[in-house]
Amino acid sequence: MDFKMSYVAEEWSLKMPKGLDLEVLHHPVTMKSVAHLIIAVNRLMTSTSGSVLSTDFQDENLLPIRVKSFLEVFNHESRTGPPPQFTSRGEIECTVTDSQKRSLVLVQSSMELHAVMLQGGSDDRKVHLNMSTYAHPTPIAETRPVALGIKGTNLYLSCHEDDDNPSLHLEEVTDKNSLTRISAESDMVRFLFYKRDTGRSISTLMSVRCPDWYISTAQDDDQVVEVCQETAPRYRSFNIQRQS
C-alpha cells in the first residue's frame, strides 16, 4: 500500500464508529475499487444500526453494505456507458464543384483549397477527394457523416474552433487508421462533416465539430475555401460527382 492510500486509510479510520477500525490490505487496482471503498465507508459512518456501535459487528454485517455499494457503482456505469462512435463504412473518390461550377484547387504555398473557374485543358489542377462515409451513432435524418481527404496525399479537411471562431484547415493525418473509428467525444470529430443532399448530386457539408458552420466558397474567383454560417454571403452548395 503506497503512501497516499495509507494516508487515506488513517484519515478514514479516525472517522469510523467506536469499536471499528479500517484497514486497507491491498492497493485498489481500479477506480471502481476506490468507489466501492469510499461508498462502503460512508455507509458505515452514516449507519444507525445498533450492531455498528458494538464490538459484535461481524463480517455478515458488511454484506448488505457491499451489495448496495456495488449496485450503485454498477448502475452508474450502466447509465453512462462508453461514448458513441462514428464508424467508417467505406470510401469513394469524387470531384467537387461549387454552385458557380468552380473546381477545388490545392494551393501548395499556403496549403489551402481555392475555388477556381478552370479553363479548358486545365482540369488536371482540380483535386480529387477521397470521401469516407460513416455510420452515425445517433442518426440525423437526411445526413451522412463524411471525412474528406485529398487523393494522393495525407491531407484531410478539418474544422477547428479558436476563440469561438471556427476555421477550415488542411491537416496531415499520418495514421489513417485513426479515422476508422471516431469517438463522438474526441477531438477527432474535427475531421467529420455532415453531408446533406439537397438535390441530384447537390449537397451541403456542415462541420460536426462546429454545428451550423458549412464548407463554403467566396463570391469572387480563386479565393480560399472556408467555413461560414447560413447568413454569410457565400456559396454553400456543392456538386459532388462520384468517380468510377
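We count residues from 1, following the sequence as given.
The salt bridge (charged side-chain N to carboxylate O under 4.0 Å, His left out) analysis of residues 158-174, with sequence neighbours excluded, yields the pairs Glu171-Arg190. Note on residues 106-122: no pairs pass salt bridge (charged side-chain N to carboxylate O under 4.0 Å, His left out), not counting sequence neighbours. Each salt bridge (charged side-chain N to carboxylate O under 4.0 Å, His left out) pair with one or both residues in residues 124-149, not counting sequence neighbours, appears once here: Glu142-Arg196. Within the structure, salt bridge (charged side-chain N to carboxylate O under 4.0 Å, His left out) contacts touching residues 200-210 (residues at least two apart or in different chains) are Asp187-Arg209.
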_Check against salt bridge (Lys or Arg N to Asp or Glu O under 4.0 Å), Glu93 and Arg242_ = CA-CA 6 Å; Glu93 180 185 340; Arg242 182 170 181 167; over 6 Å; no

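In this structure the side chain of Leu104 reaches within 4.5 angstrom of the side chain of Val225, judged on heavy atoms. By the 4.5 Å heavy-atom criterion applied to side chains, Ser237 and Thr204 are counted as neighbours. Counting heavy atoms from C-beta on, the side chains of Leu113 and Val107 never come closer than 4.5 Å. No side-chain heavy atom of Ser167 sits less than 4.5 Å from a side-chain heavy atom of Glu226. Side chains of Leu148 and Ile215 form a contact here, defined as non-hydrogen atoms less than 4.5 Å apart. The shortest side-chain heavy-atom distance between Thr217 and Arg102 falls under the 4.5 Å cut-off. Counting heavy atoms from C-beta outward, Tyr214 and Val227 have side chains that stay 4.5 Å or more apart.
Atom CG of Leu155 sits about 11.0 Å away from atom CG of Leu129, to the nearest 0.5 Å.
Between Thr174 and Asn154, the side chains place no donor N or O within less than 3.5 Å of an acceptor N or O (distance only, hydrogens not considered). In summary, the side chains of Gln223 and Asp221 do not present any donor paired with an acceptor at a separation below 3.5 Å, with no hydrogens or angles considered.
Both Trp213 and Leu170 are part of a single hydrophobic cluster, where members link through side-chain heavy atoms under 4.5 Å apart.
Aromatic ring orientation, His136 versus Tyr194: parallel (interplanar angle below 30°, classes split at 30° and 60°).
For the pair Gln243 (side chain) and Gln241 (backbone), a donor-acceptor distance under 3.5 Å is present.
Residues satisfying the side-chain hydrogen bond (donor to acceptor under 3.5 Å, both in side chains) test with Ser103, not counting sequence neighbours, are none. In this structure His169 satisfies the ring pair (Phe, Tyr, Trp, His ring centres under 6.0 Å) test together with His160, sequence neighbours excluded.
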